[in-house]
Amino acid sequence: YADLPEPKVFLDFEDQEIRVLFDEDIKGFAKRYVDPNELIFIDEFQYSNEGGKSLKYLYDHHHKKFVISGSSSLDISLKAVSFLVGRVFAFELYPLSFREFLAFREEGLLTLLESSIRSGDRMHESLHAKLMELLEEFSLWGGYPRVATAERIAEKKEILKNIFTTYLLKDIRGFFRLATESNMQKLVRALALQVGNLIRYNELSALSGLGQHALKNHLAILEETYVLKLLKPFYTNKRLEITKNPKAYFMDTGLRNYVCRDFRPLDGRTDQGQLLENFVATEFVKEGLEFNYWRSKSKSEVDFIVQAPGGVIPVEVKASREDKPGRSFFSFIRKYDPPLAYLLYGGKSGRRQHAGKEIRFLPLYAAHLMDFSS
């Protein structure tokens, strides 16, 4: 922000005085903030009552550049984007990806990783161990920038606490007029303990104290406000495959671990596999991939099915260094004949042929380097 050319102004619609001026006296707002500046930043834009109409007026009559931001894709799109067709570029800002985290922490290590994977060179064990150590840190504490860059554990916990209490329990619940704080806490904790499992609405309803209609409304809003990713099933046969129930993943594993009050090292954790699966899901979201999960009614399951140009590609996630996919993985390959398949695991990169199909093995920290083009 400091490097952008002047004149510019940064406004926050959590400031009631500024927001009321925008909502009730748009010409006065323009005279005070728009006319003197070429670049106008407005944060927490979703709090405006008539945001889209007013912003359209300002853009059409003053021909300035506006950058609006907020914590809800749903509300911003409803109040602003529908009025600004042809005038707006929309961006989604997620927590840091693991690649971005490495660029902050160990840029040289990131360069070595990417050159090694792309060239097919065998990675030295010490480099692999260091990357797995950083992956563990990232999986435990997540990718919120202030958390990732904080040096002390106590500081990381305090930042996550503030995100949870201020953003989730107060801002989201209050803005969308959701259930009580107690209901929200119960729901989010239940979801955190069930990461990667099929959502059972009756069970979640009982745990959270929310009726099913209210529960589904809460889930949709938690996804629209970037707390959750609700992953839908992939299917072609309604009779034999799961078709409706989504899985829930947290968009930030640090927030998920804060909700569980569990920041123990990965080794020995009973939820190690779930946590690493959640990590991969969020990496796919940040890469802009379209993906689902697959599960048959006989309980064969593949963690992720990526929609790629050449067809669907199964991806299995394992915490161990054992390079042996499960039987469900091969069952999916036989059924859907994908162009290739991936195993993300604790070991090093490699590839193998199985029944005429190439199975590629990649370490978990290289999820962003998966190639779905062939």
Side-chain angles (χ1 to χ4, degrees), residues 117-118 120 122-123 128 135 194-200 229-249 270-374:
I117 296 297
R118 286 168 179 155
R122 192 72 176 170
M123 188 175 294
H128 175 73
L135 173 66
Q194 298 177 19
V195 156
N197 294 341
L198 265 66
I199 285 180
R200 307 291 185 187
K229 165 67 178 175
L230 298 177
L231 190 62
K232 297 178 181 178
F234 170 85
Y235 65 92
T236 59
N237 190 321
K238 293 184 177 182
R239 187 172 60 85
L240 298 177
E241 297 169 318
I242 299 294
T243 62
K244 293 182 180 179
N245 294 54
K247 291 184 175 185
Y249 296 97
T270 56
D271 64 348
Q272 180 184 23
Q274 291 172 280
L275 191 53
L276 292 172
E277 187 181 319
N278 196 141
F279 157 73
V280 172
T282 59
E283 290 292 287
F284 285 179
V285 172
K286 294 165 191 174
E287 289 290 316
L289 298 176
E290 293 185 28
F291 65 106
N292 308 86
Y293 76 89
W294 176 72
R295 184 172 183 176
S296 70
K297 291 184 178 178
S298 61
K299 298 188 178 179
S300 293
E301 186 168 351
V302 175
D303 295 323
F304 304 116
I305 309 298
V306 176
Q307 307 285 339
V312 293
I313 296 177
V315 180
E316 184 165 330
V317 178
K318 293 184 69 173
S320 73
R321 296 189 65 153
E322 186 179 14
D323 60 352
K324 295 179 180 178
R327 285 186 291 180
S328 297
F329 187 73
F330 295 114
S331 174
F332 183 91
I333 290 174
R334 288 192 298 272
K335 180 176 176 64
Y336 285 102
D337 191 31
L340 58 96
Y342 270 102
L343 175 68
L344 293 173
Y345 73 132
K348 299 179 185 179
S349 59
R351 55 187 64 197
R352 181 186 308 157
Q353 293 290 320
H354 175 81
K357 295 295 175 185
E358 182 179 40
I359 300 176
R360 298 178 184 176
F361 301 86
L362 274 182
L364 285 153
Y365 52 73
H368 68 282
L369 294 172
M370 299 173 74
D371 181 5
F372 298 108
S373 61
S374 58

Evaluate the side-chain proximity of [Y] to [X]: yes if any heavy-atom separation is below 4.5 Å, no if none is.
{"X": "Phe279", "Y": "Leu275", "result": "no"}
{"X": "Leu240", "Y": "Ser296", "result": "no"}
{"X": "Val302", "Y": "Val315", "result": "no"}
{"X": "Phe332", "Y": "Ser300", "result": "no"}
{"X": "Arg351", "Y": "Ile359", "result": "no"}
{"X": "Ile333", "Y": "Pro338", "result": "yes"}

Derivation and outcome, side-chain contact (heavy atoms from CB on, under 4.5 Å), residues Lys335 and Glu241: CA-CA 12 Å; Lys335 180 176 176 64; Glu241 297 169 318; 3.1 Å; yes
Supply the atom-to-atom distance [X] [atom1] to [Y] [atom2], rounded to the nearest 0.5 angstrom.
{"X": "Phe372", "Y": "Tyr342", "atom1": "CZ", "atom2": "OH", "result": "6.0 Å"}
{"X": "His368", "Y": "Leu289", "atom1": "NE2", "atom2": "CG", "result": "12.5 Å"}
{"X": "Arg118", "Y": "Ser349", "atom1": "CZ", "atom2": "OG", "result": "13.0 Å"}
{"X": "Lys247", "Y": "Lys232", "atom1": "NZ", "atom2": "NZ", "result": "16.0 Å"}
{"X": "Thr243", "Y": "Arg295", "atom1": "OG1", "atom2": "CZ", "result": "13.0 Å"}
{"X": "Asp371", "Y": "Ile117", "atom1": "CG", "atom2": "CD1", "result": "12.0 Å"}

Locate the shortest heavy-atom distance separating [X] from [Y]; write the atom from each residue and the value.
{"X": "Leu231", "Y": "Asp303", "result": "CD2-O, 4.4 Å"}
{"X": "Trp294", "Y": "Ser331", "result": "CH2-OG, 4.1 Å"}
{"X": "Lys244", "Y": "Pro233", "result": "N-CG, 3.8 Å"}
{"X": "Ala367", "Y": "Leu344", "result": "CB-CD1, 4.1 Å"}

[X] side chain to [Y] main-chain N or O, any donor-acceptor pair under 3.5 Å?
{"X": "Glu290", "Y": "Gln307", "result": "no"}
{"X": "Asn278", "Y": "Tyr249", "result": "no"}
{"X": "Lys318", "Y": "Lys324", "result": "yes"}
{"X": "Asn245", "Y": "Ile199", "result": "yes"}

Any donor-acceptor N or O pair under 3.5 Å, side chains Tyr345, Glu316: no
Can a salt bridge be assigned to the pair [X] and [Y] using a cut-off of 4.0 Å between side-chain N and carboxylate O?
{"X": "Asp337", "Y": "Lys357", "result": "yes"}
{"X": "Arg360", "Y": "Glu358", "result": "yes"}
{"X": "Glu301", "Y": "Arg327", "result": "no"}
{"X": "Arg352", "Y": "Asp323", "result": "yes"}

Partner residues of Phe329 under the ring-ring contact (aromatic ring centres under 6.0 Å, His included) criterion, sequence neighbours left out: none
Lys/Arg cation over aromatic Phe291: Lys229, 6.0 Å, 45° cone: yes
Ring-ring centroid check Tyr293 Phe304, cutoff 6.0 Å: no
Within the 6.0 Å centroid threshold, strictly below: Phe234 and Tyr336: yes
Other residues, nucleotides, ligands: >12 heavy atoms within 6.0 Å of Lys297 NZ: yes
Gln353, CD: over 12 other non-hydrogen atoms inside 6.0 angstrom: yes
Ile313/Ile305 under side-chain contact (heavy atoms from CB on, under 4.5 Å): CA gap, chis, key distance, verdict: CA-CA 5 Å; Ile313 296 177; Ile305 309 298; over 6 Å; no
Intermediate values then yes/no, side-chain contact (heavy atoms from CB on, under 4.5 Å), Leu198 and Ile242: CA-CA 10 Å; Leu198 265 66; Ile242 299 294; 4.1 Å; yes
Worked check of side-chain contact (heavy atoms from CB on, under 4.5 Å) between Leu362 and Lys348: CA-CA 6 Å; Leu362 274 182; Lys348 299 179 185 179; over 6 Å; no
